[in-house]
Amino acid sequence: MKVARVCLWLHALSTFAMLAGAFDPITTTVVFGVGAVLSRTIYNYLRESCNPKWISFNVTGLQEDLSTRLFGQHLASHIIAKAVSGFMNNANPKKPLVLSLHGWTGTGKNFASALIAESIYKEGMDSQFVHVFTAELHFPHAGQMDAYKTQLQQWIKGNVSSCDRSMFIFDEMDKMHPGLIDSIKPYLDYYDKVDGVSYRKAIFIFLSNAGGESIVQTTLDFWKAGRSREEIELKDVETSLALSVFNNKRSGLWHTSLIDKNLVDFFVPFLPLEYKHVVQCAMAAMSAQGLEPDAAVADKVAADLLYFPKAERVFSVKGCKTIDSKWEYYV
Ligand SMILES: *[C@@H]1O[C@H](CO)[C@@H](O)[C@H](O)[C@H]1NC(C)=O
Ligand SMILES: *[C@@H]1O[C@H](CO)[C@@H](O)[C@H](O)[C@H]1NC(C)=O
């Protein structure tokens with residue numbers, strides 16, 4: 001946006017100079033030429049490119065964002081910070097970083113991916129090096145799976161060829177055709193190069209609801225036992241998560257093949273969110289709009305959501321989803 005405006009402005013300026021100098025063809029040519037060169041230089045300077053000016057990892061920023069902006073996810077915050085810093089600080093990784101984010105809807109999987117992108121790319125999710133794929137949007141017709149496979153492979157290859165620090169986010173992984181996942185497996189592996197391209201500096205993030213029920217169950221068990229959710233450790237959810245993912249017919253297929261080959265580096269569980277987290281989300285949504293957060297409004301927003309299990313009403317059914325748009329009705 002900014003770049004386009006500056007360039008437009010420069011073009012306008014050189015056109016103006018050209019008109020002003022219309023009586024003197026030499027001056028006109030010089031002014032126009034200088035204007036064109038200048039605008040190209042500035043354009044190249046301002047345009048996002050695959051270099052450290054645009055891509056550099058900010059570990060403090062990531063840690064700070066995870067602890068202050070991602071609510072109720074102590075496990076996910078910890079694993080993501082560790083995984084991403086370890087990977088980004090390694091000048092010579094042996095394989096691309098592959099994260100699999102699991103959890104109920106609205107628990108912050110997309111948001112966490114955005115925080116990762118923001119900590120690496122100056123342009124965050126708007127970066128041309130960050131690619132998001134959704135089954136329904138990009139690969140809707142099961143009948144065209146062969147064409148999709150070829151296309152996806154070409155996209156990944158093309159993008160990594162032009163920038164090795166590329167990031168690929170696969171949303172709603174549960175809905176992806178297993179064949180499609182199979183087609184990208186070579187890129188996730190410990191190969192030095194695939195067809196002359198090295199994928200070792202790329203990041204792949206898979207988002208899914210798979211295993212969500214078992215994460216909810218563990219969190220509920222802790223709650224019922226009167227234990228704090230911050231006491232939940234990875235080992236408490238890992239086994240049941242793996243089991244439920246394996247046993248789920250739809251997600252089982254892709255996960256099994258990815259797990260079997262150890263292509264996924266980290267499983268990241270997202271816990272179901274409680275009332276107090278929804279309040280935090282609403283407060284944050286107001287701040288993001290430049291407003292003074294209003295606790296009474298946030299309370300009303302949270303109070304109007306549905307919670308489960310029915311008797312105890314502990315966890316928000318939709319987590320913090322739609323909070324960004326909803327709080328406005330309560331002001
Ligand atoms: C890294 O993030 C911190 C915290 O958000 C911020 O204060 C700092 O300016 C960032 N550093 C760079 C180089 O962007
Ligand atoms: C990069 O990926 C995008 C999809 O996110 C695709 O439209 C584009 O053509 C790819 N670029 C290359 C060079 O393959």
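Both backbone and side-chain heavy atoms feed into the values below; hydrogens, waters and symmetry mates do not. Both ligands and their constituent atoms are indexed starting at 1 by order of listing.
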Would Lys235 and Glu238 satisfy salt bridge (charged side-chain N to carboxylate O under 4.0 Å, His left out), going step by step from the backbone distance to the final call? CA-CA 5 Å; Lys235 64 175 165 53; Glu238 215 169 26; over 6 Å; no

Could you walk me through whether Asp182 and Lys185 satisfy the salt bridge (charged side-chain N to carboxylate O under 4.0 Å, His left out) test, starting with their C-alpha distance in whole Å, then the side-chain angles of each, then the deciding distance to 0.1 Å, before giving a yes or no? CA-CA 5 Å; Asp182 266 343; Lys185 264 161 56 179; 3.2 Å; yes

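Taking a cut-off of under 4.0 Å to the non-hydrogen atoms of Gly61, the atoms of ligand 1 that pass are 2 (O), 4 (C), 5 (O). Contact atoms of ligand 1 toward Glu64: 4 (C), 5 (O) (distance under 4.0 Å to a heavy atom of the residue). Which parts of ligand 2 touch Gln154 is read off a 4.0 Å heavy-atom cut-off, strictly below it: atoms 14 (O). Contact atoms of ligand 2 toward Gly158: 12 (C), 13 (C), 14 (O) (distance under 4.0 Å to a heavy atom of the residue).
Linking Ile, Leu, Val, Met, Phe, Trp and Tyr whenever their side-chain heavy atoms come within less than 4.5 Å leaves Phe315 and Leu305 in two separate clusters.
Ranking protein heavy atoms by distance to atom 10 (C) of ligand 2, first place goes to Asn159 ND2, 2.8 Å. For atom 5 (O) of ligand 2, the closest heavy atom belonging to the protein is His131 ND1, 3.1 Å. Atom 7 (O) of ligand 2 has Trp155 NE1, 3.8 Å as its closest protein atom, hydrogens excluded (heavy atom only). The protein heavy atom nearest to atom 2 (O) of ligand 1 is Asn58 ND2, 2.4 Å.
Ring geometry for Phe139 versus Tyr148: interplanar angle over 60°, hence perpendicular rather than tilted (30 to 60°).
Formation of a donor-acceptor pair under 3.5 Å by the Asp304 side chain with backbone atoms of Val301 is not found in this model.
Between Val98 and the choices Asp189, Asp265, Ile205, the side-chain contact (heavy atoms from CB on, under 4.5 Å) rule is met once, by Asp265.
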